Amino acid sequence: MAFHLQPLLHLHHPYAGVYAVVKKIPRGKVATYGQIALLAGMPRAARQVGLALRITPGSIKIPWHRVINAQGQISMRQHDWQSGGDDYQRVLLENEGIEFSAAGKINLKKFRWLPPSPPSLEMPCC
DNA sequence: TTTATGGCTGTCA
DNA sequence: ATGACAGCCATAA
């Protein structure tokens with residue numbers, strides 16, 4: 001059929017918006033869950049972003065590791081903190097040049113990704 | 001439908 | 001700086 005022209009974009013997925021935003025985070029930068037939620041048009045739905053990333057289909061390739069919590073730390077699934085897989089995300093980030101403090105935190109002032117159109121800094125055209 | 005639970009966040013002690 | 005709490009909102013039971 002003529003409808004498989006969009007096989008790479010999972011537009012049917014309820015969190016397609018989230019994935020689209022996460023995909024925009026450039027290498028060497030990070031964003032917070034709340035930030036992603038805001039950009040995806042669902043303010044204060046930070047937890048849903050976490051859920052979205054958690055259930056991300058393997059067929060969707062996104063830099064999920066560049067999404068961290070507002071404290072500048074890595075959030076991990078309850079499932080992982082006991083299996084010790086928490087360092088994985090950190091390794092990926094360090095690989096991109098992101099630095100961690102001794103307490104394992106990232107300086108958001110320095111590494112936070114600033115989206116192209118910052119929300120509500122100015123009034124819409126006059 | 002009601003309750004519980006999150007890869008969260010801001011506030012307050 | 002750290003810990004407890006209350007909002008937040010989509011899933012899972």
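Heavy-atom basis, side chains included; hydrogens, waters and symmetry copies ignored. The model shown is predicted, which means the values in this text are computed figures rather than measured ones. Quick note on labels: first sequence line is chain A, next is B, and so on, each numbered from 1.
Close approach of DNA chain C to chain A, defined as any atom under 4.0 Å from a non-hydrogen atom of the protein, starts and stops at C/dA1 to C/dT11.
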List the steps, then state whether side-chain contact (heavy atoms from CB on, under 4.5 Å) holds for A/His13 with A/Tyr19.
-> CA-CA 9 Å; A/His13 201 285; A/Tyr19 301 139; 3.4 Å; yes
Worked check of side-chain contact (heavy atoms from CB on, under 4.5 Å) between A/Gln73 and A/Ile68 | CA-CA 6 Å; A/Gln73 291 194 282; A/Ile68 62 178; over 6 Å; no
Between A/Ile25 and A/Val30, is a side-chain contact (heavy atoms from CB on, under 4.5 Å) present by the stated rule, with each step listed?
-> CA-CA 7 Å; A/Ile25 307 175; A/Val30 297; 5.7 Å; no
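Here the CZ-CD1 distance, from A/Arg66 to A/Ile98, works out to 7.5 Å after rounding to the nearest 0.5 Å.
In terms of heavy-atom proximity, A/Leu93 sits nearest to A/His65 at CD2-O, 3.3 Å.
Heavy atoms of A/Val67 sit under 4.0 angstrom from at least one base atom.
We find that CD of A/Gln73 is positioned 13 Å from C1' of B/dC8, with the value rounded to whole Å. The CD1 atom of A/Ile55 sits 15 Å away from the P atom of B/dG6 (whole-angstrom rounding). Atom CZ in A/Arg66 sits about 17 Å away from atom C1' in B/dG7, given to the nearest Å.
Along DNA chain C, the nucleotide nearest A/Arg44 and the nucleotide nearest A/Ala103 are compared for position; the residue whose nucleotide lies closer to the 5' end is A/Ala103.
Side-chain contact between A/Val49 and A/Tyr15: absent, with no pair of heavy atoms (C-beta onward) separated by less than 4.5 Å. For the pair A/Ile36 and A/Val18, the minimum side-chain heavy-atom distance is below 4.5 Å. By the 4.5 Å heavy-atom criterion applied to side chains, A/Trp113 and A/Gln35 are counted as neighbours.
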Just the dot-bracket of DNA chain C, please: which string comes out with Watson-Crick or G-U pairs under 3.5 Å, [ ] for crossing, | for another strand?
-> .||||||.|||||
Please list, pair by pair, any protein nitrogen or oxygen found under 3.5 Å from a nitrogen or oxygen in nucleotides 9-13 of chain B.
| residue | atom | partner | partner atom | Å |
| --- | --- | --- | --- | --- |
| B/dT9 | OP1 | A/Tyr33 | N | 3.3 |
| B/dT9 | OP1 | A/Gly34 | N | 3.0 |
| B/dT9 | OP2 | A/Ala70 | N | 2.5 |

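With A/Leu53 as the partner, the side chain to side chain contact (heavy atoms under 4.5 Å, CB included) test is satisfied by one option alone out of A/Thr56, A/Leu51, A/Ile55: A/Thr56.
Using a 4.0 Å cut-off between charged nitrogen and carboxylate oxygen, A/Glu96 and A/Lys29 do not count as a salt-bridge pair.
Both tests hold for A/Arg90 against A/Phe100: distance to the six-membered ring centre under 6.0 Å, angle to the ring axis within 45°.
Rounded to whole Å, the P atom of C/dG7 lies 22 Å from the corresponding atom of B/dG7.
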